[in-house]
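For the single chain, residues carry numbers from 1 onward in sequence order.
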Amino acid sequence: MALTAVSDHEAQASTTAPENGATALDLEGLLPLVRSGLEDMKAEDLVEIDLAGKTSIADAMIVATGRSDRHVGAIADRLIRDLKDHGYGTARVEGLPACDWVLIDTGDVIVHVFRPEVRGFYNLEKMWGADRPTEATGG
């Protein structure tokens with residue numbers, strides 16, 4: 001399944017280094033790692049949303065769908081394991097017990113894995129799409 005980009009602008013790497021002591025340049029491997037894990041686990045309807053310059057919460061968001069609660073849980077477990085194995089530390093995870101909607105927050109990339117009906121209800125792509133205004137920076 002191919003990844004659909006909501007914005008043409010590539011997400012920028014953060015200045016936060018992975019826990020294994022790697023440099024900030026190594027964070028460029030984070031998005032490909034997440035994409036690869038989602039594709040390997042047969043996640044459906046992958047959408048990448050560029051958040052750089054729109055919000056300070058992350059540089060990119062990836063939204064994906066699993067076919068069932070079991071599939072959502074398996075996708076999330078794989079991503080969490082891959083992140084840890086590749087030195088990106090322990091991601092914050094929400095929703096894993098129910099597996100309707102699992103959020104994996106790495107700091108630079110936020111991954112949402114939904115069951116189809118839950119994804120349709122929340123419609124994050126519309127909320128965070130390319131036409132979202134830029135976040136005001138306070139001084």
4.5 Å side-chain heavy-atom contact, E125 and N123: yes
Y122: partners by ring-ring contact (aromatic ring centres under 6.0 Å, His included), with sequence neighbours left out: W101
Distance-minimising heavy-atom pair for G66 and V72: CA-CG2, 3.9 Å
Nearest non-hydrogen partners of H71 and M41, listed with the distance: NE2-O, 2.8 Å
Test item: R35 and P32 side chains (from C-beta on) under 4.5 Å apart, heavy atoms: yes
Criterion side-chain contact (heavy atoms from CB on, under 4.5 Å) against I62, the qualifying member of I49, L31, I104, V47: L31
Contacts of type side-chain hydrogen bond (donor to acceptor under 3.5 Å, both in side chains), residue R92, not counting sequence neighbours: D105
Pairwise distance OG1(T90) to CD1(I80) - rounded to 0.5 angstrom: 9.5 Å
Nearest non-hydrogen partners of D108 and L30, listed with the distance: CB-CD2, 3.9 Å
Non-neighbouring partners of D40 that pass salt bridge (charged side-chain N to carboxylate O under 4.0 Å, His left out), sequence neighbours left out: R78
Side chain to side chain contact (heavy atoms under 4.5 Å, CB included) partners for L33, two or more places apart: D82, L83, H86, Y88
Shortest non-hydrogen separation from L51 to A58 and the atoms involved: CB-O, 3.4 Å
Side-chain heavy atoms of L79 within contact of V111, under 4.5 Å: yes
Minimal non-hydrogen separation, A64 against L46, with atom names: CB-CD2, 3.2 Å
Between NZ on residue K54 and CE on residue M61, distance to nearest 0.5 Å: 10.0 Å
Value rounded to 0.5 Å, distance of NZ in K42 from CD in E39: 9.0 Å
For T65, side-chain hydrogen bond (donor to acceptor under 3.5 Å, both in side chains) partners two or more places apart: R119
Audit row: V102, H112, side chain to side chain contact (heavy atoms under 4.5 Å, CB included) steps and yes/no: CA-CA 6 Å; V102 178; H112 297 273; over 6 Å; no
Minimal non-hydrogen separation, A52 against D50, with atom names: N-OD1, 3.0 Å
Contacts of D100 that satisfy side-chain hydrogen bond (donor to acceptor under 3.5 Å, both in side chains) - sequence neighbours left out: R115
